[in-house]
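Comments concern the structure below.
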Protein chains: 2
Amino acid sequence: MSLPHPDPDQIFLPNVLAALGDETRLAIIGCLARTEAAEGLVCGQFAPLTSKTNLTYHVGKLREAGVINVRIEGTKRRVSLRREDLDNRFPGVLDSIIATAINLPSVETVLLDLETQNAAT
Amino acid sequence: MSLPHPDPDQIFLPNVLAALGDETRLAIIGCLARTEAAEGLVCGQFAPLTSKTNLTYHVGKLREAGVINVRIEGTKRRVSLRREDLDNRFPGVLDSIIATAINLPSVETVLLDLETQNAAT
DNA sequence: AGCTTAGTTCAATAAGTCTTGAACATCCGC
DNA sequence: GCGGATGTTCAAGACTTATTGAACTAAGCT
């Protein structure tokens, strides 16, 4: 039981760029980039961005393009950036995009939500 | 008589990435990146990539996203990369993408065609 | 076992993308 | 001014994308 991910050599630039050429998905990777002290995030944490159904869709797109890794953890899905794979294949691309993505307003919203949850714990 | 281009501060990352998330358009910017000794190329030179009509479409997309500049020269349209504008706004993004784009097979085809034309001159 | 939490699947819909051919406009050289 | 070269516009078609709600599965708690 694990989700299909492209091998590193099956990650193609047009697909990666198309996957990142969307506000919602750019926000997702912005969030991931700003929290990668811990091992990624769980889909639910992106809730402020859009509906649950739609998140499944966008996370699927990113996974199929090879931008993120999704690991099943019980009922949850732990999402992390495929930094190494991407940087090997397209050096600098992800990093330079992240530099902008981490400053998106929607990313702030998600991160504020995370802090609120942490405070409540 | 000149075509509409977005101001530098109206160039947005999702639009740029969406514009570059396509084989044909990635090939176009690959060609531009490999010939920017002279001042850009003319639409007709991209002919090996696809039909004339379709080129108008793709060049329009790149222009509207702020990736290229299109200057009218008589009946021709001279196309060039907006390197400076893009690099100011999203440092490293264009360069890192170009590094891959210049090696696309379709770019080779276009460049071989250019040499043949030059030889015939 | 029953309830809750987390996410998926499905079908539908609205909107956008890519591609094409036919007809058109515009400039340039002769 | 005519003819060729360069590109545009338009309408149509096939396809893809983004979004949604309802119904579902699967794991974890108590």
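Residue numbers start from 1 in every chain, and the chains themselves are labelled A, B, ... in the order their sequence lines are given, proteins ahead of strands.
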How close do [X] and [Y] get, heavy atom to heavy atom, and via which atoms?
X        : Y       : answer
A:Arg78  : A:Val42 : NH2-CG2, 3.7 Å
A:Gly74  : A:Ile72 : O-CG2, 3.6 Å
B:Ile102 : B:Arg34 : O-NH1, 2.8 Å
A:Phe90  : A:Val16 : CE1-CG2, 4.3 Å
B:Val67  : B:Ala19 : CG2-CB, 4.4 Å

Between [N] ([atom2]) and [X] ([atom1]): distance, integer Å:
X       : N      : atom1 : atom2 : answer
A:Leu41 : C:dA6  : CG    : P     : 14 Å
B:Arg78 : C:dC27 : CZ    : P     : 17 Å
B:Ile68 : D:dG7  : CD1   : C1'   : 14 Å
B:Ile72 : D:dT8  : CD1   : P     : 8 Å
A:Arg77 : C:dA6  : CZ    : C1'   : 7 Å

Reading 5' to 3' through nucleotides 24-30 of chain D, protein heavy-atom contacts under 4.0 Å coded B for base, S for sugar-phosphate only, - for none: --BBS--

Rounded to the nearest 0.5 Å, what separates atom CG in A:Leu111 from atom CG in A:Leu41? 8.0 Å

Under 6.0 Å from the CD atom of A:Glu23, do we count more than 12 heavy atoms belonging to anything else shown? no

Does a sphere of radius 6.0 Å around CD in A:Glu73 hold more than 12 heavy atoms from other residues, nucleotides or ligands, not counting ones at 6.0 Å or beyond? yes

Determine whether a donor-acceptor pair (N or O, by modelled atom type, separation under 3.5 Å) exists between the side chain of B:Arg63 and the backbone of B:Val70. no

Taking DNA chain D as the partner, which of residues 50-65 of chain B come within under 4.0 angstrom of it by heavy atom? B:Lys52, B:Thr53, B:Thr56

Could you check which residues of residues 18-27 of chain A get a heavy atom under 4.0 Å from DNA chain D? Sort them by number, please. A:Asp22, A:Arg25

Evaluate A:Leu49 against A:Val110 for side-chain contact (heavy atoms from CB on, under 4.5 Å), listing each step before the verdict. CA-CA 7 Å; A:Leu49 296 178; A:Val110 171; 3.8 Å; yes

